[in-house]
Amino acid sequence: MASVGQPPSLKRRDAPVSREGDQLIITPLGAGNEVGRSCVYMSYKGKTILFDCGIHPAYSGMAALPYFDEIDPSAIDVLLITHFHLDHAASLPYFLEKTTFKGRVFMTHATKAIYKLLLTDYVKVSKVSVEDMLFDEQDINRSMDKIEVLDFHQTVEVNGIKFWCYTAGHVLGAAMFMVDIAGVRVLYTGDYSREEDRHLRAAELPQFSPDICIIESTYGVQLHQPRNIREKRFTDVIHSTISQGGRVLIPAFALGRAQELLLILDEYWSNHPEFHNIPIYYASPLAKKCMAVYQTYILSMNERIRNQFANSNPFKFKHISPLNSIDDFSDVGPSVVMASPGGLQSGLSRQLFDIWCSDKKNACVIPGYVVEGTLAKTIISEPKEVTLMNGLTAPLNMQVHYISFSAHADYAQTSTFLKELMPPNIILVHGESHEMGRLKTKLMTELADCNTKIITPKNCQSVEMYFNSEKMAKTIGRLAEKTPEVGETVSGILVKKGFTYQIMAPDDLHIFSQLSTANITQRIT
Amino acid sequence: MGTSVQVTPLSGVFNENPLSYLVSIDGFNFLIDCGWNDHFDPSLLQPLSKVASTIDAVLLSHPDTLHLGALPYAMKQLGLSAPVFSTEPVYRLGLLTMYDQYLSRRQVSEFDLFTLDDIDSAFQSVTRLTYSQNYHLSGEGIVVAPHVAGHLLGGTVWKITKDGEDVIYAVDYNRRKEKHLNGTVLESFVRPAVLITDAYNALHNQPPRQQREMFQDAISKTLRAGGNVLLPVDSAGRVLELLLILEDYWAEHSLNYPIYFLTYVSSSTIDYVKSFLEWMGDSITKSFETSRDNAFLLKHVTLLINKSELDNAPDGPKLVLASMASLEAGFSHDIFVEWASDVKNLVLFTERGQFGTLARMLQADPPPKAVKVTMSRRVPLVGEELIAYEEEQTRLKKEEALKASLVKEEESKASLGPDNNLSGDPMVIDANNANASADVVEPHGGRYRDILIDGFVPPSTSVAPMFPFYENNSEWDDFGEVINPDDYIIKDEDMDQAAMHIGGDDGKLDEGSASLILDAKPSKVVSNELTVQVKCLLIFIDYEGRADGRSIKTILSHVAPLKLVLVHGSAEATEHLKQHCLKHVCPHVYTPQIEETIDVTSDLCAYKVQLSEKLMSNVLFKKLGDYEIAWVDAEVGKTENGMLSLLPISTPAPPHKSVLVGDLKMADLKPFLSSKGIQVEFAGGALRCGEYVTIRKVGPAGQKGGGSGTQQIVIEGPLCEDYYKIRAYLYSQFYLL
């Protein structure tokens with residue numbers, strides 16, 4: 001007696017897939033109507049992605065974190081970090097080590113190498129009380145093992161989520177991520193710049209238009225001066241201050257734009273032999289350590305640097321000497337000092353500022369975007385008096401110049417980028433709310449005839465969209481020997497892998513997938 | 001029907017000749033690899049020359065001569081003009097390899113198949129991709145993607161996809177993780193429509209790991225005994241792995257014998273390799289990320305670019321890595337001739353020599369006692385010869401100038417045309433200058449080093465860079481020279497552009513012309529044949545970094561392509577692998593001959609349908625590893641735009657035979673049943689469960705492709721409680737649809 005198989009199971013009809021599966025949710029957990037603590041949450045078809053994991057530089061402790069409470073860290077599949085800046089990467093050790101997160105983390109090679117140096121330095125420099133410490137050096141080292149690297153344009157697939165990254169300009173290793181879930185594409189620009197500078201490439205224009213573009217709006221509707229004019233203003237200020245016997249303080253973040261400024265200064269000094277006895281100090285042991293990284297990942301830089309590299313290393317500066325602390329600094333005459341942090345919150349740049357601020361011969365050049373709530377932001381409006389670190393007030397007599405070298409896109413770049421990309425939905429993040437509002441209005445008029453939706457969510461405010469993704473299947477093998485006519489029936493196994501569907505006859509299963517079938521013969525003895 | 005795929009080998013089938021294959025996908029012609037060998041015999045390229053002009057794209061897989069050596073020649077002489085795709089290291093190291101080849105040849109012969117400029121212009125058309133980058137060829141619907149192959153830095157397994165069907169080209173891959181490279185990811189591709197792979201190593205089985213000790217012992221023994229060690233290596237490929245092994249060994253045993261790495265491009269090679277960390281193995285990237293230790297900051301190796309530096313090195317035992325691996329040309333050839341007659345010395349081969357080369361001869365067992373070699377040297381012309389040469393050049397120059405002026409009259413615009421006519425041989429123009437300059441007795445001065453480093457990044461405009469000779473192309477009218485107003489506008493970018501030019505381009509021009517002076521220095525090649533007594537020790541230790549026969553077979557049966565094309569490998573190896581694959585991998589194995597076009601279009605039927613929302617809301621998927629599966633019964637409908645679409649069935653679904661999905665392993669079933677409290681044991685190939693019931697698998701062991709893929713399982717026993725219980729457990733191992 002033999003029977004083959006068993007009767008077919010009863011089809012259950014109690015689990016209809018609701019429209020929820022097609023709902024795409026984007027929630028900024030940070031950087032919504034603000035600059036700092038970038039962190040954007042996105043979920044679609046049961047897949048969850050987090051872009052960036054930064055801290056807010058104006059706050060300390062838990063207050064600096066993005067609103068992680070809003071989400072379930074254990075549900076996140078992939079975490080993508082665009083670049084190494086603190087407002088994009090500094091809460092990563094906390095998120096990896098102190099939450100239930102168990103997904104995978106990706107960043108580019110250069111970002112990972114600098115990330116470690118930068119955060120280790122951050123932990124050492126930020127002198128907050130122990131309970132306010134979000135993480136320590138061990139956490140950073142442990143997080144290194146969990147971070148995976150990817151190269152530009154390399155396509156990675158995790159649980160059916162496909163993603164790859166493009167050059168973003170901005171800083172070494174900065175990336176824009178394109179994510180593809182079931183055919184719906186989302187581009188997250190992070191910080192980007194479409195202008196090539198002395199060492200970095202301009203941000204690429206992606207080959208495909210995304211369905212949603214999450215884009216930074218730091219500079220809103222402002223326009224940058226052309227690069228050569230900015231450089232000239234910069235060198236002119238330094239030139240005249242030095243000539244009058246003053247000192248120049250450049251508070252700059254240790255990595256990223258600082259390298260660009262050093263390239264400019266070094267070249268200017270080379271062309272002006274009369275300055276050769278005026279010292280330029282770069283007060284960052286961190287930057288010294290990072291030089292090896294800058295020397296290695298030249299593939300991420302532009303052709304100019306790569307060509308120079310063949311002759312000599314352009315990052316070996318001839319006129320710039322390192323400075324470890326204020327104790328090693330003999331303040332005897334004109335000098336140029338570049339020191340971190342860029343916001344003048346504390347540290348060496350603040351120490352020098354306190355000493356130099358009341359002499360009108362001196363100058364302070366603020367070379368980039370400064371975050372709301374920091375002293376650097378305050379002095380741009382040139383108040384009469386400032387509060388020193390020791391609590392006393394002092395007159396602010398030194399000249400303050402704001403010459404932006406920050407490699408963020410300005411309005412011209414943003415609007416051209418968006419016009420070429422033509423995304424049907426734009427989400428603005430990473431910008432102060434009034435700048436963002438103005439940008440939105442201006443973009444609305446400019447893109448009026450394209451039916452583009454522009455949204456500016458606040459932190460924790462979810463944007464919901466529906467994408468009626470058509471599911472396409474490929475019928476293959478024996479089942480497809482004849483293409484059926486309307487009204488005929490098709491029966492077979494539907495095989496889903498990631499977001500691709502195939503329909504096939506049971507006998508073909510082992511040919512087109514790694515699954516196999518079996519027959520069980522029952523024999524009664 | 002599926003995508004049409006045809007494969008035509010142009011070189012490198014049933015033998016170890018260079019690799020070059022034409023793969024045509026729906027009429028789009030890919031040339032995959034464009035290799036040559038160390039003999040540079042143009043007759044090998046005969047098949048390529050017939051089809052070169054029809055090629056639409058070139059894909060390169062590895063940065064060595066066998067995989068890309070013919071590219072400059074094919075671009076210059078055979079009319080190949082398609083865009084080329086490769087990874088960044090293949091581009092860069094390939095370029096360096098070709099420079100090294102040219103300079104080695106040029107030194108000993110009137111090598112004129114291609115010039116440095118031809119190499120530059122050939123490599124200018126290369127588009128560089130990163131691993132796993134899906135590059136869409138515009139308008140063709142074809143996506144190409146390079147993937148890690150192991151073997152050489154940047155080495156590539158190419159995946160070409162059209163309409164969801166994959167054609168994979170994987171040759172010379174390596175499964176083993178090495179010091180500087182990760183193993184190949186070939187195994188992550190499952191069931192591609194077509195796999196093109198090589199049989200080169202099919203008959204080779206690597207001895208287990210002891211080779212490293214043998215390698216180190218052989219070297220240290222020779223050095224301790226006061227002998228010299230020569231490792232003939234390639235210019236920029238496997239040598240990287242050897243360098244790291246030697247570095248480690250030297251550091252570990254604190255040896256202080258000098259190591260020299262001698263090729264015409266060694267310093268540039270290492271400079272570039274230092275910036276290719278992204279392309280290397282995990283351990284190298286990890287160590288850089290955490291401690292910023294660049295593995296290629298070599299502490300024990302001295303980089304040399306000419307042999308006089310080696311000759312000036314202090315006496316005493318030393319180890320030299322020199323190109324070419326074939327010993328046919330290059331520094332290795334000369335050093336071999338010098339060292340071969342001393343019994344204390346060792347020549348250590350780490351790869352099989354190319355067929356018909358000196359290296360291959362020496363690797364024979366037993367090695368020959370003596371070999372005939374040709375020693376050639378380039379010497380400057382002197383005395384009468386020089387005068388004769390100068391006269392000849394002046395005459396030629398006049399002729400050329402005359403011809404050029406004629407041509408110029410005909411052509412209105414100064415395009416490439418007249419330039420080419422004028423500088424068909426750059427030497428001609430420079431002859432006078434070169435003669436005027438002081439005698440360059442030593443052809444490789446310190447300047448030479450810069451020339452090499454610099455030459456690699458030619459300004460994009462230099463189709464044929466030459467000594468500063470500026471043709472006056474300006475047009476004149478009644479008011480004088482016609483000017484371009486743009487030239488007088490102060491440019492925005494001037495600030496740094498100017499500085500850049502001083503540092504970059506101008507310097508390049510100087511040195512570029514210096515190299516031409518060197519080239520143009522009237523000289524001739526003097527050759528003499530001599531017989532070298534081979535008394536030194538000859539050892540071959542396999543460091544080729546290719547998957548061996550055993551792992552090739554494992555990989556192939558894992559990848560299990562629907563159709564398999566075998567290329568590159570001796571006739572025996574190809575035949576052996578074919579028989580093996582027919583039995584164990586898939587029933588469609590092809591071994592085409594040169595210029596034989598085979599059609600590997602998949603006989604796969606397929607059509608696309610839309611899955612309607614209504615249908616999908618009733619489908620309940622079951623998860624099985626990476627897959628989710630469900631049975632569907634659907635009715636075919638049409639969407640608004642004429643697509644076929646599947647709708648829920650209106651009539652009751654027809655009954656279908658139930659399908660059990662899953663892979664039952666008896667070895668897994670046993671512990672499972674015993675965990676349920678049933679006594680189980682294997683007996684005669686069957687599993688005895690309890691007292692009466694047996695379970696057995698019948699039929700042939702599942703072959704992956706073709707054949708019957710369905711497992712036949714028999715459960716046998718009397719009707720009793722145990723029987724039902726065990727049957728239920730057995731069914732629970734499968735998904736029932």
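Below, chains carry the letters A, B, ... as their sequence lines are ordered, and counting in each starts from 1. Note that the structure is predicted; figures quoted are calculated from it, not measured.
The contact between A:F152 and chain B is made entirely by backbone atoms, counting heavy-atom distances below 4.5 Å. Only the backbone of B:D163 comes within contact range of chain A, judged by heavy atoms closer than 4.5 Å. With a 4.5 Å cut-off on non-hydrogen atoms, A:I264 does not touch chain B at all. Proximity to chain A (any heavy atom under 4.5 Å) is restricted, for B:N294, to the side chain, taken from C-beta onward. Interface residue A:K474: backbone and side-chain heavy atoms are both found under 4.5 Å from chain B. Heavy-atom distances place no part of A:L150 under 4.5 Å from chain B, backbone and side chain included. With a 4.5 Å cut-off on non-hydrogen atoms, A:V156 does not touch chain B at all. Residue contact with chain A, scored on non-hydrogen atoms closer than 4.5 Å, involves the backbone of B:K274 exclusively.
The distance between the ring centers of B:F288 and A:Y297 falls below 6.0 angstrom. A distance of 6.0 Å or more separates the ring centres of A:Y268 and A:F234.
Contacts with chain A were tallied for B:R128, B:E278, B:Q610, B:E635; B:E278 has the most, counting heavy-atom pairs under 4.5 Å. With chain A as partner, the option from B:L719, B:I695, B:I649, B:L611 having the largest number of non-hydrogen pairs under 4.5 angstrom is B:L611. Chosen from A:N159, A:N141, A:D145, A:L117, the residue pairing most often with chain B at heavy-atom distances under 4.5 Å is A:L117. With chain A as partner, the option from B:L647, B:L562, B:V693, B:T290 having the largest number of non-hydrogen pairs under 4.5 angstrom is B:T290. Most heavy-atom pairs under 4.5 Å with chain B: of the set A:G477, A:S270, A:G160, this distinction falls to A:G477. The greatest number of non-hydrogen atom pairs below 4.5 Å with chain A, out of B:V714, B:I629, B:V609, is found for B:V609. The most heavy-atom pairs under 4.5 Å with chain A, out of B:V636, B:L646, B:V659, come from B:V636. Heavy-atom pairs under 4.5 Å with chain A were tallied for B:Y735, B:Y692, B:Y135, B:Y131; the largest tally goes to B:Y131.
Side-chain atoms of B:R292 come within 3.5 Å of backbone N or O of A:K289 as a donor-acceptor pair. Looking only at distances, a side-chain donor or acceptor of B:K622 sits under 3.5 Å from a matching main-chain atom of B:L736.
A salt bridge between A:E196 and A:R304 is absent, with no side-chain N of the basic residue lying under 4.0 Å from a carboxylate O of the acidic one. In summary, B:K286 and B:D282 do not engage in a salt bridge, as defined by a charged side-chain N under 4.0 Å from a carboxylate O.
Residues passing the salt bridge (charged side-chain N to carboxylate O under 4.0 Å, His left out) test with A:K112 are B:E289, sequence neighbours excluded.
Other residues, nucleotides and ligands place no more than 12 heavy atoms under 6.0 Å from the OH atom of B:Y724.
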Under 3.5 Å donor-acceptor pairs involving side-chain atoms of residues 482-499 of chain A, not counting sequence neighbours:
unit_1 : atom_1 : unit_2 : atom_2 : d
A:E488 : OE2    : A:E485 : N      : 3.0
A:S491 : OG     : B:D633 : OD1    : 2.4

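In this structure, A:R185 forms a cation-pi arrangement with A:F208, its terminal cationic atom sitting closer than 6.0 Å to the ring centre and no more than 45° off the ring axis.
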